[in-house]
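The structure under discussion appears below in the form of structure tokens.
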Amino acid sequence: MPVIELLMLIRAPQERVFDLALSIDAHQDSTVGTNERAVAGVTKGLIGLGGEVTWEARHLGLRRRLTVRITEFDRPNYFQDVMVSGAFKRMVHDHEFGSIRRGL
């Protein structure tokens, strides 16, 4: 299975970044180009362990839906979402959060 790894450096408290990553509203605000929106499950606020959300967006001219469930949760260090239904055979998305000391 292909693996995509991204590293982001954000100057903000780890807890704030963690909560924003779980925010349905912040996610929708960040996807203006694809008009991604939550259409079922948790559709506002923060999603948590066991929560599901169905996203609808337009990619490559086609409307697509993807439902994910939060399967692991360790605030403010880690959470995992797994595709329940969608266009892929399988999708697991790990989110890890940590601090990097200044000067690196």
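Atom CD of residue Q28 and atom CZ of residue R37 lie 8.5 Å apart, to the nearest 0.5 angstrom. Atom OG1 of T54 is separated from atom CD of E52 by 7.0 Å, given to the nearest 0.5 angstrom. Residue L46 holds its CG atom at 10.5 Å from CD1 of I70, rounded to the nearest 0.5 Å. The structure places NE2 of H59 at 4.5 Å from OG1 of T34, a figure rounded to the nearest 0.5 Å. The line from CE of M83 to OG1 of T71 is 12.5 Å long, rounded to the nearest 0.5 Å. Rounding to the nearest 0.5 angstrom, the gap separating the NZ atom in K44 from the CD1 atom in I24 is 10.5 Å.
The side-chain heavy atoms of R58 and N35, taken from C-beta on, include no pair separated by under 4.5 Å. Counting only heavy atoms from C-beta outward, the side chains of V82 and V84 never approach each other to under 4.5 Å.
In the hydrophobic cluster analysis, where Ile, Leu, Val, Met, Phe, Trp and Tyr join through side-chain heavy atoms closer than 4.5 angstrom, V92 is grouped apart from L66. A continuous path of ILVMFWY side-chain contacts below 4.5 Å connects F73 to M91, so both sit in one hydrophobic cluster. Criterion: ILVMFWY side-chain heavy atoms under 4.5 Å apart, direct or through other members. Under it, L49 and V42 are part of a common hydrophobic cluster. No single ILVMFWY cluster, assembled from side-chain heavy atoms under 4.5 Å apart, contains both V32 and W55.
Looking at every heavy atom in both residues, G45 comes nearest to D25 through N-OD2, 2.9 Å. Nearest approach of G50 to R69, heavy atoms of both residues: O-CG, 4.0 Å. In plain terms, the two heavy atoms of T31 and E36 that are nearest each other are OG1-CB, 3.1 Å. In plain terms, the two heavy atoms of P76 and Q14 that are nearest each other are O-NE2, 2.8 Å. The two residues V53 and A38 have their closest heavy-atom pair at CG2-CB, 3.7 Å.
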| request: Could you go through the side chain to side chain contact (heavy atoms under 4.5 Å, CB included) check for R75 and D19 one step at a time? | output: CA-CA 9 Å; R75 186 178 190 275; D19 288 345; 2.8 Å; yes

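Atom CZ of R16 sits in a sparse spot, with 12 or fewer heavy atoms from other residues, nucleotides or ligands closer than 6.0 Å.
Taking the six-membered ring where tryptophan is involved, the planes of H95 and F97 are essentially parallel, since the angle between them stays under 30° and well short of 60°.
Not a single donor-acceptor pair under 3.5 Å links the side chain of T43 to the backbone N or O of A40.
Here R64 does not pair with E56 in a salt bridge; the nearest charged N to carboxylate O distance is not below 4.0 Å.
Between F18 and F79, the distance from one ring center to the other falls under 6.0 angstrom.
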